[in-house]
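One structure is given here, and the rest of the page talks about it.
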Amino acid sequence: MNPEAFFIDQLRRVTLRWRTRFDAELKAQGQTLVRARALVYLARRPEGMTQRELTEQLMVEHPTMVRILDALEEQGLIRREPIEGNRRANRLILSPAALPMVDELEAAFAAEAHRVLRHVPPDKLALATEVLRGIAEQLEEGA
């Protein structure tokens, strides 16, 4: 296997294992990784954001986002508010009930990241981050 193919295979493997691990951990709270990420993004934007903005941040398809938002709304964790002058769009707002959960989620994310990355020297972590940022930029540019 050439180095590029091996790198991509390892990246895919890490991504899938990370998601599987977090999904299992979050299941006890009635969440999934993608729902948890939605809550964290909304917590960072107290003024709210549109469904389109959140869909772009999470990189999911529109029907998937609808299911995610329906579940979060049913749990009382978000609310949809109409945007004046735009009948087709809603602003997504995190409910006060979600704030303790977001704190728990961010702590769980940080603890897992520390557990997995604690043996990686800071200089290598910085290099890996730089490499991944460059790959993301290439993908976003359509290269």
Side-chain angles (χ1 to χ4, degrees), residues 4-143:
E4 290 173 346
F6 184 72
F7 177 83
I8 296 300
D9 187 58
Q10 293 302 302
L11 185 59
R12 181 195 56 77
R13 183 173 165 229
V14 166
T15 301
L16 291 173
R17 290 220 171 133
W18 195 282
R19 187 167 84 205
T20 300
R21 179 176 300 234
F22 266 104
D23 274 338
E25 187 174 319
L26 295 170
K27 193 173 196 172
Q29 297 176 23
Q31 297 306 330
T32 63
L33 180 56
V34 72
R35 283 191 214 158
R37 288 180 58 226
L39 291 172
V40 169
Y41 276 112
L42 288 170
R44 293 177 185 160
R45 300 267 301 270
E47 74 282 3
M49 60 193 328
T50 65
Q51 181 172 320
R52 176 174 290 188
E53 290 169 328
L54 186 57
T55 300
E56 289 171 3
Q57 288 293 317
L58 295 177
M59 293 185 266
V60 296
E61 298 292 323
H62 177 74
T64 302
M65 180 55 66
V66 170
R67 287 190 302 275
I68 291 165
L69 296 176
D70 287 347
L72 292 174
E73 191 172 40
E74 187 174 303
Q75 292 176 309
L77 301 174
I78 66 162
R79 66 182 190 276
R80 294 170 167 130
E81 294 181 353
I83 296 175
E84 192 173 322
N86 187 345
R87 295 183 335 161
R88 295 178 54 184
N90 288 311
R91 182 161 307 286
L92 305 171
I93 305 288
L94 199 64
S95 73
L99 295 177
M101 181 178 283
V102 169
D103 290 341
E104 290 175 23
L105 292 169
E106 287 183 326
F109 290 153
E112 184 66 9
H114 176 72
R115 190 188 73 69
V116 171
L117 299 172
R118 71 181 181 268
H119 298 297
V120 179
D123 60 325
K124 289 190 176 185
L125 187 58
L127 178 60
T129 301
E130 183 180 329
V131 168
L132 290 173
R133 184 179 300 126
I135 292 168
E137 288 173 3
Q138 289 296 311
L139 290 169
E140 288 166 7
E141 291 173 7

Hey, are the side chains of Phe22 and Leu105 touching, using non-hydrogen atoms and a 4.5 Å cut-off? no

Does CD in Gln10 sit with more than 12 non-hydrogen atoms of other residues, nucleotides or ligands closer than 6.0 Å? yes

So Lys124 and Val120, side-chain contact (heavy atoms from CB on, under 4.5 Å) or not? Walk me through it. CA-CA 7 Å; Lys124 289 190 176 185; Val120 179; 4.1 Å; yes

Would you give the length of the straight line joining atom CE of Met65 to atom CZ of Arg67, rounded to the nearest 0.5 angstrom? 10.5 Å

Between Ala36 and Phe109, which heavy-atom pair has the shortest distance, and what is it? CB-CZ, 3.9 Å

Closest approach of Gly76 to Ala97 (non-hydrogen atoms, all atoms of both residues): O-CB, 4.0 Å

Side chains of Asp70 and Arg80: closer than 4.5 Å at any heavy-atom pair? yes

Taking atom CG of Leu94 and atom CZ of Arg44, what is their separation to the nearest 0.5 Å? 12.0 Å

Roughly how far apart are Arg52 CZ and Arg88 CZ, rounded to 0.5 Å? 8.0 Å

Does a salt bridge link Asp9 with Arg12, judged by any charged N lying under 4.0 Å from a carboxylate O? yes

Validation row: Leu69, Leu54 side chains within 4.5 angstrom (heavy atoms): yes

Quick check: closest heavy atoms across Pro96 and Pro100, and the distance to 0.1 Å? O-CD, 3.7 Å

Give a yes or no on whether Glu81 atom CD has more than 12 heavy-atom contacts from other residues, nucleotides or ligands under 6.0 Å away. yes

Nearest heavy atoms of Met101 and Leu77, plus distance in Å: SD-CD1, 3.8 Å

To the nearest 0.5 angstrom, please state how far the CD atom of Glu141 sits from the CG atom of Leu139. 9.5 Å

Salt bridge (Lys or Arg N to Asp or Glu O under 4.0 Å) for Glu130 and Arg133? Distances and angles first, verdict last. CA-CA 5 Å; Glu130 183 180 329; Arg133 184 179 300 126; over 6 Å; no

Determine yes or no for a side-chain-to-main-chain donor-acceptor pair under 3.5 angstrom, with Arg118 supplying the side chain and Arg115 the backbone. yes

Derivation of the side-chain contact (heavy atoms from CB on, under 4.5 Å) call for Arg37 and Leu33: CA-CA 6 Å; Arg37 288 180 58 226; Leu33 180 56; 4.1 Å; yes

Does the side-chain contact (heavy atoms from CB on, under 4.5 Å) test come out yes or no for Val102 and Leu42, once each step is laid out? CA-CA 9 Å; Val102 169; Leu42 288 170; over 6 Å; no

Rounded at 0.5 Å granularity, tell me how far CG in Leu127 sits from CG in Asp123. 8.0 Å

Nearest-0.5 Å distance, CG of residue Asn86 to OG1 of residue Thr50: 9.0 Å

side-chain contact (heavy atoms from CB on, under 4.5 Å) between Gln51 and His62, intermediate numbers included: CA-CA 9 Å; Gln51 181 172 320; His62 177 74; 2.9 Å; yes

Do Leu39 and Ile78 come close enough that some side-chain heavy atom pair is under 4.5 Å? yes

Which heavy-atom pair separates Ala38 from Leu72 by the least distance, and what is that distance? CB-CD1, 4.0 Å

Shortest non-hydrogen contact from Arg79 toward Ser95: NH1-CA, 4.3 Å

